[in-house]
Novice: 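Pasting a structure here, questions to come.
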Amino acid sequence: MSLNTYRAGPDEHGHFGIYGGRFVAETLMPLILDLEKAYTAAKDDPAFKAEMGYYLNQYVGRPSKLYFAERLTNELGGAKIYLKREELNHTGAHKINNCIGQILLAKRMGKTRIIAETGAGQHGVATATVCALFGLPCTIYMGEVDIARQQPNVFRMKLLGAEVKPVTSGSRTLKDAMNEALRDWVTNVGDTFYIIGTTAGPHPYPALVRDFQSIIGHEVREQMMAMEGRLPDTLVACIGGGSNALGLFHPFLDDAEVAMVAVEAAGHGIETGAHAASLTGGRPGVLHGNRTYLLQDGDGQILEGHSISAGLDYPGIGPEHSWLHDVGRVTYVSATDTEALGAFQRLSKVEGIIPALESAHALAEVIRRAPTLPKDHLMVVNLSGRGDKDIFTVARELGVSL
Amino acid sequence: MSNTNSRIDRRFAALKAEGRAGLVAFITAGDPDHDTCLGLLKGLPGAGADLIELGMPFTDPMADGPAIQASTLRALAAGARMTRTLDLVKAFREGDADTPIILMGYYNPVYAYGVDRFLADAKAAGVDGLIVVDLPPEEDGELCLPAQAAGVNFIRLATPTTDKARLPAVLANTSGFIYYVSIAGITGAGSATSDAIAAAVAHLRTGTDLPVAVGFGITTPDGAADVARVADAAVVGSAIVRRLEANLDADGKAKPGLVPDVLGFVGELAAGVRGARK
């Protein structure tokens, strides 16, 4: 198939190539159709755009800076590295961009109760935050395993007034939290809005979340033009479900000169099987409302992902990424726990910025790639979150007791 | 669209002739282990089950409550997989040519097996219908239409959120019967009132002549009887699975007497259904 644009998807059925779709129980189908209708109307409504713009600017603190990482650039001795500082957003990650959009949509639809799933807790914190902001009750589903490794975020959510429900089923991580959120939604169809945190789930979520996150890439385009007078050469982002990566990439998909690299979590190494790299180590299947690459066995049973980073520890990936992978527009690579830990410490020491372990996967690829490139090569890495939440995990890995 | 002479059609025609509703009994394939499950399966018709729903185990049963979640994970831990599920049906069919078997579950294990290969093997094993929770009408091209073409009924779920505008889409490519999910929720949760169920069944009958089975939240013989008064069949799943669970030892293995105890419970449900309209 020849394409004149990579930005037209999804089609009316929510498909990106063969990926995406609406694989949900009949009970949820009318809700998803309502959401699609409401989103389509909101998207073209100047009042909605203005309201979003207001909160993104005044509350979140956008635009986030595009920062030239001079010391890291000099150390690596190659490409000129820019950090897109999403970690400076209110709540410390890119997740809030999407939550502002979805809660305004929920309000428009007259919904009075919010639910969400969370892995690392960043999306949970962002959801709890916007629920506090708009005075809506909020229930966050989080796997027991993730609760144990992300205590600071659990406490944050509670401070913000959210109810955090531990999920004890299955592998007790993000995928099970999503199952449980879907079970809640199917039970509370009348009043509840489900704020999905990544570019996955049934249509229209993958498109809607991408659109709300695309502000990242739109800003980078403007900022880079202002600073360098041209577009960047390479964009790098980590990828679990894929929302920070798509947010950065999507506005550039039709700029053929811009290369894009997304970094999956290789955990202990792809060859060990203990990883969360769905594109590198999985194959297409259907889960959580969409067809996409999944970690699964020969019988179609879903396998547990592994990553040091709770936010990347998901056995699937957003359907648009699956399509971009197949058509070859984006290059998908992976970084191990060890590489991410190394990048985490390096950015902390060299630039005075403690990155989230998720973002450290992207930095690990920058550390590999930048030295091989000329000094006039402009590389932007999405610093999707800050690492304060990860200090306990990192301390444990480094053998330090706090 | 429907196969007018499927085993499911024949069973509902026979029930109608008898002037009573049917009992649809659900168990999960391979729970708590393959052999015990086969024993249960073979005993279900004798205990009074008119149709059988056999769950295809899946790691992520998003529409199921704790009882069926635990059941499906027990089955997987005991080695359940799609080929073994079809083996169970094959073994059952050797002794029973009349009781319809409907495979129920989620799409991914079917998709992984390969749709065409799955339909051919399921048909050959003696499967009569499919209920796939995460395939709404919007995804009919995936499995529903190929199943109908292969002569396997595709049974659609209608729910309390299926309004008048949406009903035609839900009914369009369905065959065998309509499964009305009586509550908005997961399996094994609350139950709907008899009045609400009666109204919903009447609403469905405005759009179809297909039999209507009602499930979700039916846990007792009396509850099954209430449904049997207004619908063509009552579906019981979680309550049977919980009865099975009560017959497991601390390691999750079947205690002696599991099969007769569970079948005894199915017998009580069947008596409720059969006595309902007398």
Novice: For chain A, which candidate among B:Leu73, B:Val181, B:Ile183, B:Leu76 shows the most heavy-atom pairs at distances under 4.5 Å?
Specialist: B:Leu76
Novice: Give me the atom names and distance for the closest heavy-atom approach of A:Thr187 to B:Ile186.
Specialist: OG1-N, 4.0 Å
Novice: Count the heavy atoms of every other residue, nucleotide or ligand shown that sit under 6.0 Å from CD of A:Glu271, and state whether that count exceeds 12.
Specialist: yes
Novice: Return the option, out of A:Gly190, A:Gly21, A:Gly285, A:Ser171, with the maximum number of heavy-atom pairs under 4.5 Å with chain B.
Specialist: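 The residue among A:Gly190, A:Gly21, A:Gly285, A:Ser171 with the greatest pair count is A:Gly285.
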Novice: Which atoms of B:Val170 come close to chain A, meaning under 4.5 Å heavy atom to heavy atom: side chain ones, backbone ones, both, or neither?
Specialist: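 For B:Val170, the side chain is the part near chain A, not the backbone.
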Novice: Identify the two heavy atoms, one from A:Gln301 and one from B:Phe58, that lie closest to each other, and give their separation to 0.1 Å.
Specialist: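 It is OE1-CA, 3.2 Å.
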Novice: Side chain, backbone, both or neither: which part of B:Ala169 has a non-hydrogen atom closer than 4.5 Å to chain A?
Specialist: neither
Novice: Are the side chain of A:Arg183 and the backbone of B:Pro61 linked by a donor-acceptor contact shorter than 3.5 Å?
Specialist: yes
Novice: Output the option from B:Arg81, B:Glu142, B:Gln69, B:Glu139 having the highest count of non-hydrogen pairs under 4.5 Å with chain A.
Specialist: B:Glu139
Novice: Kindly give the heavy-atom pair with the smallest separation between B:Ala112 and A:Gly300, and that separation in Å.
Specialist: CB-CA, 3.5 Å
Novice: Looking only at non-hydrogen atoms, find the nearest pair between B:Arg166 and A:Leu33 and report the distance.
Specialist: NH1-CD1, 3.6 Å
Novice: We want to know whether A:Glu26 and B:Thr161 form a side-chain donor-acceptor pair, criterion being a heavy-atom distance below 3.5 angstrom.
Specialist: no
Novice: Please classify the contact of B:Asp163 with chain A as side chain, backbone, both or neither, using a heavy-atom distance under 4.5 Å.
Specialist: neither
Novice: Where is the tightest heavy-atom contact between B:Asn108 and A:Val286, given as atom of each residue plus distance?
Specialist: OD1-N, 2.7 Å
Novice: Please report the shortest heavy-atom distance between B:Tyr111 and A:Arg291, naming the atom on each side.
Specialist: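 For B:Tyr111 and A:Arg291, the tightest heavy-atom pair comes out as CE1-NH1, 3.0 Å.
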